[in-house]
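Index from 1, following the sequence.
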Amino acid sequence: MIIRKGTRNVIKADWRRYEQKKCTILGVLYKVLIKTYVSPSSLSFAFLFWMRIYQNGNSFVRFFAKFKLARFALKYGIDISRNAKIGEGAYFPHITAGVVFRGNVRIGNNLTCLHGVTIGNDGRSSKGFTIIGDNCFIGAGAKIFGDIELGDNVTVGGGAVVVSNVPDNVTVAGIPARIISRVNKDEG
C-alpha cells in the first residue's frame, strides 16, 4: 500500500475544508499535480498533501514528497518542520505568504492559520512541545513561542505574541497576548 488508510482519511478531511465537496482520486491528483501552479488554495492543499505523504508513505513516495516539500520551502517561504503533527482538516488560505512551524509542534483538528504565522520553540532549546488544540484560529502575523499549550476553540488575534499557556474557549490578542474575551460554550 502506497498510502496508509489513516492518511487517506486525513487527506479527505483536508479536502473537505478546502473544497466542501466529495473527495475523489482524480480531483486530488488534479489539484496537487496541475492546479497547484495557478491557485493559492490548491498550493496550500498540495503542501498539506505532500507533508502527509512524507510522514506516512512508503519509502519511494516519501522521497518524492521530501523533494516537493523542499521546493515549496524554497519557492514560497513555507518552513514547516517535517516533525510537526498537524491534525486533520487544517486550512491555510494564504500559505504562500510565509508560515513557519519549527521544533516539536502538535496541532489538533480543524486549525485555520493565516499568513505570516510563526509557531514553535523559543530557540533556546529543542525540548518541549508547542501544543495547539482543536478548532483554533490563528490570525495573520501571530507568533506562538515556547513550550506552551493553547486550548481548544482558541482565537489568536493578528500580530499577537503568545508566550504562555492559553485556556479553552478564549480570544487572545496583544503583545504579549492577553485574554480579551471568553466564549461560554453553554450559550451556543
Main-chain N/O of T171 paired to R182 side chain as donor or acceptor, under 3.5 Å: no
Salt bridge (charged side-chain N to carboxylate O under 4.0 Å, His left out) pairs, two or more places apart, involving residues 131-140: none
same_hphob_cluster(L69, I11) at 4.5 Å side-chain heavy-atom cutoff: yes
Separation between CD1 of I107 and SG of C113, rounded to the nearest 0.5 Å: 7.0 Å
Partner set under side-chain hydrogen bond (donor to acceptor under 3.5 Å, both in side chains) for N110, not counting sequence neighbours: N135
D79: partners by salt bridge (charged side-chain N to carboxylate O under 4.0 Å, His left out), with sequence neighbours left out: R102
Check: R106 side chain, I131 main-chain N or O, donor-acceptor pair, under 3.5 Å: no
Which atom of R52 lies closest to which atom of I86, heavy atoms considered: NH1-O, 2.5 Å
For A140, side-chain contact (heavy atoms from CB on, under 4.5 Å) partners two or more places apart: L114, H115
Within one Ile-Leu-Val-Met-Phe-Trp-Tyr cluster: I179 and V156, side-chain cutoff 4.5 Å: yes
Taking every non-hydrogen atom, the tightest pair across V154 and P167: CG2-O, 3.3 Å
Joint cluster assignment, F64 & Y54, ILVMFWY side-chain distance < 4.5 Å: yes
Hydrophobic cluster identity match, V100 and F145, side-chain contacts under 4.5 Å: no
Results of side-chain contact (heavy atoms from CB on, under 4.5 Å) for A173 - residues two or more places apart only: I180
All side-chain contact (heavy atoms from CB on, under 4.5 Å) counterparts of A73, not counting sequence neighbours: none
Counterpart residues, side-chain contact (heavy atoms from CB on, under 4.5 Å), relative to I148 (two or more places apart): T130, I144, L150, V162, N165
Side-chain hydrophobic cluster, 4.5 Å single linkage: members besides L74: none
Taking every non-hydrogen atom, the tightest pair across A84 and M51: O-CE, 3.7 Å
Candidate list T112, I132, T118, test side chain to side chain contact (heavy atoms under 4.5 Å, CB included), partner I138, passing option: I132
Minimum-distance pair of heavy atoms, taken over all atoms of D147 and F129: OD1-O, 2.9 Å
Closest non-hydrogen atom pair between A142 and G157, with its separation: CB-O, 3.9 Å
Aromatic plane relationship, F101 with F92 - under 30° parallel, 30 to 60° tilted, over 60° perpendicular: tilted
Option among K68, K66, R71 that satisfies the side chain to side chain contact (heavy atoms under 4.5 Å, CB included) test with W50: K68
side-chain hydrogen bond (donor to acceptor under 3.5 Å, both in side chains) against T155, all qualifying residues, sequence neighbours excluded: none
For the student: nearest non-hydrogen atoms of F72 and A46, plus distance: CZ-CB, 4.0 Å
Backbone N/O of G120 and side chain of K143: donor-acceptor pair under 3.5 Å: no
Residues forming a side-chain hydrogen bond (donor to acceptor under 3.5 Å, both in side chains) with S164, sequence neighbours excluded: none
Step-by-step side-chain contact (heavy atoms from CB on, under 4.5 Å) determination, F47 to I78: CA-CA 9 Å; F47 177 81; I78 303 166; 3.6 Å; yes
Within-4.5 Å side-chain heavy-atom neighbours: V183 and V170: no
Salt bridge (charged side-chain N to carboxylate O under 4.0 Å, His left out) partners of residues 159-179, not counting sequence neighbours, each pair once: none
